[in-house]
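Owing to the predicted nature of the structure, the values given are computational and were not obtained by experimental measurement. Below, read A as the first sequence line, B as the second, and so on, with proteins coming before strands; counting in each chain starts at 1.
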Number of protein chains: 2
Amino acid sequence: MAKNKRTPIDTSTEEKIKEAARVVFHRKGFAATRTRDIAEEAGINLALLNYYFRSKQKLFELIMVETTVAFFRTMDIVLNEKNSSLEEKVAHIVSNYIDLILKEPDLPIFMLSEIRNNPDLLLQRLPIEQVIMKSVFFQQHRQAVGEGGITEANPLHFLLNILGLTLFPLIASPLLKRVGNLNEEDFHQLMEERKKLIPVWIKSMMINSDYKPILMDESKLKEND
Amino acid sequence: MAKNKRTPIDTSTEEKIKEAARVVFHRKGFAATRTRDIAEEAGINLALLNYYFRSKQKLFELIMVETTVAFFRTMDIVLNEKNSSLEEKVAHIVSNYIDLILKEPDLPIFMLSEIRNNPDLLLQRLPIEQVIMKSVFFQQHRQAVGEGGITEANPLHFLLNILGLTLFPLIASPLLKRVGNLNEEDFHQLMEERKKLIPVWIKSMMINSDYKPILMDESKLKEND
DNA sequence: GTCTATATACGGATAGAC
DNA sequence: GTCTATCCGTATATAGAC
């Protein structure tokens, strides 16, 4: 905050290269990306890339970390909302991820590919485990299970189901468009439908139909800001 | 069949290279794979690769086509079973894909990555659309919708839900293992659980609970062998 | 900071001996 | 068919002028 002296619209060369690198790396992955592609995308000279970032590898790691953090922040924010019910959180996760990935279609495959190539390097340092397993979301899940409101005790199944229903069509979108003969417009509409449908499906598959929404935060969770 | 004169256990050099190429391409993708990696994996000399397959590109396309065909054959066989109900087909799809991908963990990300890099080349020629949209599975779905047995009229949602619940945990397995602190054994067990759970979930989320299983083939489908 | 020119390394592919 | 040695294009990275 204190030393943030960048221009409001940060169109500096360094920032242009970073943005271009993000786009190209996301689209083609590390190995298939040439530094020339990035320079061209950024509209700058190739030598400047090394001037600012030393190497392709260093630039990539920078992008990779930023991307991963951003991806999990989307989840972190929703999973730890203080004033929403479990059902509301489900709807938020679905909606936020659909919006995010419709805007950044290359994000999931990029992350999954590159994490696979470097499983430890990226995952060992980030506190993903903490963020998810100790989240308000999981606390609420545990509480609902205790009260007989949820039929499946393993919270991983619960989260996997939400993410599977939400992310899989986005991940497999090239195939889906081909199989269903959908253009971009149709595909977006299908995903908008799923924003409404998935929370309903999750409810009927995992939440007892006669369970009263007493799984509000008020009862158990303290707001310690 | 007629000209199949290969040795029973085909351990020929050509076959060794192909198998090695399959493994390495699946693990690292086209761009990150060096022909030297394949040669090493196969335990043969680098020059032999070009002797048998002319180029890295040609070898890759061979592997890619074989992989894609095999992947969709798994779906094709189940989707067009003549003597199974819709619910049975759901269970078969889930079980078959879980078994397949536990054995070949790199398959999904490999296919999705490479299809993305070359959307037309691979998908335009294969009759994926026909296989899926005109399958017995989809006919049965349509019939069940007509009889009020299924609540969601769009068959794409139906198939996406099955595949999303099944494939997403497999696709995201490195992340899942980290988040849930699962070793390989735990992970396999989780997927075995899902073999049983997913068909039940699908039933409760998309199939009317009081729907009689009259959606058998006998009534409508002809066996025209 | 930004450019041109170039050094250096790496990977795909082939020549030619065996 | 299989090997060794090598060629050659391409991509990363740097030197050095401006």
Without decimals, in angstroms, what is the distance between B:D37 CG and C:dA13 P? 14 Å
Looking only at C:dT2, C:dG12, C:dC3, the nucleotide nearest the A:A47 side chain is C:dC3
d(CD, A:E15; C1', C:dG1) in whole Å: 17 Å
Using a 4.0 Å heavy-atom cut-off across all strands, classify B:R36 as base, sugar-phosphate, or nothing. base
Look only at the side chain of A:R194 and the backbone of A:L165, and say whether a donor-acceptor pair between them is shorter than 3.5 Å. yes
How long is the line joining CD1 of A:I44 and P of C:dG1, in whole Å? 13 Å
How long is the line joining CG of A:L48 and P of D:dT14, in whole Å? 14 Å
Assert yes or no for the condition that the ring centre distance of A:F71 to A:F110 is strictly below 6.0 Å. no
Does a side chain donor of either A:H26 or A:T67 reach within less than 3.5 Å of an acceptor in the other side chain? yes
Counting heavy atoms from C-beta on, name the nucleotide in C:dG12, D:dT2, C:dC3 closest to the side chain of B:T35. C:dG12
Nearest whole angstrom, please: distance from the C1' of D:dC3 to the CG of B:N50. 14 Å
Spacing between A:K56 atom NZ and D:dA13 atom P, to the nearest angstrom: 8 Å
Quick one: is the NZ or CZ of A:K56 closer than 6.0 Å to the six-membered ring centre of A:F30, and within 45° of its axis? yes
Could you check B:Y51 against A:L49 and say which one's nearest nucleotide on DNA chain D is further toward the 5' end? B:Y51
What nucleic acid atoms does A:Y52 come within less than 4.0 Å of, heavy atoms only: base, sugar-phosphate, or nothing? sugar-phosphate
Consider the side chain of A:N45, meaning its heavy atoms from C-beta on, and name the nucleotide among C:dT4, C:dT2, C:dA13 that approaches it most closely. C:dT4
Check whether any side-chain N or O of B:T13 sits under 4.0 Å from OP1 or OP2 of D:dT2, and answer yes or no. yes
Between D:dG1 (P) and B:L46 (CG): distance, integer Å: 18 Å
Could you check which residues of residues 20-34 of chain B get a heavy atom under 4.0 Å from DNA chain D? Sort them by number, please. none
Taking NZ, NE, NH1 and NH2 as the nitrogens, is one of them in A:R22 or A:E19 under 4.0 Å from a carboxylate oxygen of the other? yes
Interatomic distance, A:Q57 CD vs C:dC10 C1' [rounded to whole Å]: 15 Å
Do the side chain of A:E88 and the main chain of A:S85 share a donor and acceptor less than 3.5 angstrom apart? yes
Enumerate the side-chain hydrogen bond (donor to acceptor under 3.5 Å, both in side chains) contacts for residues 175-193 of chain A, please, sequence neighbours excluded, ordered by first and then second residue. A:K177-A:E184, A:R178-B:E129, A:E184-A:H188, A:E192-A:K195, A:E193-B:H157
